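Owing to the predicted nature of the structure, the values given are computational and were not obtained by experimental measurement.
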Amino acid sequence: MGRFAEVLVVLYWIFCVGFVNGIGVNLGTQASHPLSPSIVVQMLKDNGIEKLKLFGAEEGTLNALKNTGIQVMVGIQNDMLPGLAADMNAAEKWVSKNVSSYVNDGVNISYVAVGNEPFLKTLNGTYLQSTFPALQNIQSALIKAGLGNQVKVTIPLNADVYESATGKPSDGDFRADIKDLMLSIVKFLNDNTSPFTVNIYPFISLLNDPNFPLDYAFFDGSSSPIIDGSTTYSNTLDANHDTLVWALKKNGFSNISIVVGEIGWPTDGNINANVQYAQKFNQGLMNHIGQGTPMRPGTMDVYLFSLIDEDEKSIQPGNFERHWGIFTFDGRTKYQLKIGNTELVSAKGVKYLEKRWCILKPSASLSDPNVASSVSFACGNADCTSLGYKTSCSDLDARGNISYAFNSYYQKNDQDDRACGFSNLGTITNQDPSTQTCKFPIMIEESRGVTWRPGGAQEHGYAKVLSVFISLLFLILV
């Protein structure tokens with residue numbers, strides 16, 4: 001009878017729920033020219049994506065989600081936590097405006113994410129005192145609004161809130177400096193049947209450790225598995241996830257549900273951030289989540305990071321930060337990916353500006369003293385993260401690098417002729433300068449755009465680096 005019951009459970013998942021039920025996506029808004037909410041929602045429908053995680057409560061997106069049935073996790077930014085922690089009225093107003101009103105209009109809000117990785121070590125404890133009280137106040141506000149059973153609270157946490165001294169999952173426990181706080185939060189989540197949400201990034205593990213075995217990041221076996229008693233871990237996700245499971249288990253919370261709030265692989269901006277690895281990782285993930293991990297077998301609840309590239313994300317962690325999307329900024333598929341039984345398809349109805357590009361004048365000299373400052377300005381105010389060693393545009397020569405920088409700024413400024421000046425070094429062309437691997441983008445119409453500025457912007461750190469890079473190319477290629 002026990003075996004028969006197991007078979008029934010499997011059949012239920014296959015026929016009634018399906019593996020797609022466990023798949024969601026994150027949608028960020030740090031883009032100069034975001035796709036319209038209606039196009040984004042249609043993308044979700046066309047690609048069989050039934051869950052969406054937002055980092056805020058974007059009015060346009062939430063309105064577009066009305067009566068779609070798509071399950072939504074609405075986010076609260078970290079800088080709002082102190083105010084929500086200190087004022088119950090503020091929490092009630094936030095819930096009324098950003099949850100109740102949309103639920104009443106047919107938006108399927110299932111979660112409120114209170115903060116985003118608020119206990120990161122790099123935040124130096126800024127939100128240690130306010131996160132839990134904010135969580136409690138939002139929960140109380142949901143209950144008061146009659147949504148306590150329908151909408152659950154959670155806190156998306158970075159995987160650095162737990163650790164293992166030996167590297168074995170069974171030795172996992174919460175970080176010593178925040179353990180008491182974490183146990184209070186976990187108990188609260190458990191008492192309210194809310195999930196523990198964690199962000200897991202095998203790519204970052206690879207990035208931060210030069211000795212990290214590349215194959216351990218993926219899902220087709222590893223030459224360097226972790227042996228933990230009778231369990232063999234052959235990929236980062238399983239080992240990281242089960243380190244959390246053990247931390248929960250040894251502190252008395254074996255049964256709390258776990259949501260992987262962010263996981264993915266970038267496609268540009270780093271030697272290991274490319275389309276091939278991203279396709280391998282994300283398709284491997286899609287195939288893997290139906291089986292779960294050794295400590296938590298069964299379908300995993302996972303949100304891919306992310307849906308679309310964001311050209312205004314901070315590049316402090318690395319240039320790859322702007323390239324996490326499974327789609328480009330304009331909704332084009334980057335690679336083949338099957339989610340459930342659905343192959344990714346590009347966005348429909350996207351409108352573009354004219355087929356015009358800004359490039360370095362053929363007559364311009366690479367030794368012109370204005371070149372370096374022009375490139376620095378362009379990259380400091382647009383996006384040059386596809387330029388560099390082993391990136392998608394690493395096949396460009398010096399003139400190509402400069403042209404890419406100029407065009408990035410020109411497109412970001414909606415092809416304003418004045419944005420192709422660059423001390424008379426730029427010129428507009430109707431001939432696509434793209435190469436086989438390096439796409440010179442054309443900007444989309446659906447956007448809020450930016451106001452063109454003739455100059456004087458402070459040079460960004462990345463732009464300074466790129467100026468040095470361009471100068472080195474001059475020495476090598478000229």
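Here Phe188 pairs with Phe132 under the ring pair (Phe, Tyr, Trp, His ring centres under 6.0 Å) rule; sequence neighbours left out. Partners of Lys348 by salt bridge (charged side-chain N to carboxylate O under 4.0 Å, His left out), not counting sequence neighbours, listed by chain and number: Asp46.
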For a quick test of your reading: what N or O donor-acceptor pairs under 3.5 Å do the side chains of residues 102-111 make, sequence neighbours left out?
unit_1 : atom_1 : unit_2 : atom_2 : d
Asn104 : ND2    : Ser100 : O      : 3.1
Asn108 : ND2    : Gly69  : O      : 3.2

In a table with atom names and distances, give each donor-acceptor pair under 3.5 Å that connects a side chain of residues 143-151 to protein atoms at least two apart or in another chain.
unit_1 : atom_1 : unit_2 : atom_2 : d
Lys144 : NZ     : Glu92  : OE1    : 3.3
Lys144 : NZ     : Glu92  : OE2    : 3.2

Side-chain donor-acceptor contacts of residues 199-207 below 3.5 Å, not counting sequence neighbours, with atom names and distances?
unit_1 : atom_1 : unit_2 : atom_2 : d
Asn199 : OD1    : Glu262 : N      : 3.1
Asn199 : ND2    : Glu117 : OE2    : 2.9
Asn199 : ND2    : Glu262 : OE2    : 3.4
Tyr201 : OH     : Glu262 : OE1    : 2.4

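A donor-acceptor distance shorter than 3.5 angstrom exists from the side chain of Asn137 to the backbone of Ala85, with no hydrogens or angles considered. In terms of modelled atom types and a separation under 3.5 Å, the side chain of Thr391 and the main chain of Ser386 share a donor-acceptor contact.
When side chains are defined from C-beta on, Asp191 counts as touching Lys187, because their heavy atoms get closer than 4.5 Å. Annotation: side chain of His323 is in contact with side chain of Asp309 (closest heavy-atom distance under 4.5 Å). Two residues are said to be in side-chain contact when any heavy atoms from C-beta on lie closer than 4.5 Å; Pro156 and Lys53 meet this criterion.
A distance of 6.0 Å or more separates the ring centres of Tyr233 and Tyr216. Ring-centre distance between Tyr404 and Phe440: below the 6.0 Å cut-off.
Side-chain contact, Asn251 with Asp173: a donor N or O sits under 3.5 Å from an acceptor N or O. Between Asp311 and His33, the side chains place no donor N or O within less than 3.5 Å of an acceptor N or O (distance only, hydrogens not considered). Side-chain atoms of Asp330 and Thr328 form a donor-acceptor pair, as typed in the model, at a separation below 3.5 Å. With 3.5 Å as the limit, one finds a donor-acceptor pair spanning the side chains of Thr267 and Lys334.
Taking 4.0 Å as the cut-off between side-chain N and carboxylate O, Arg356 and Asp417 count as a salt-bridged pair.
Note on residues 60-74: pairs passing side chain to side chain donor-acceptor pair (under 3.5 Å), not counting sequence neighbours, are Asn63-Lys66.
Using cut-offs of 30° and 60° for the angle between ring planes, the Phe219 and Phe281 rings count as tilted.
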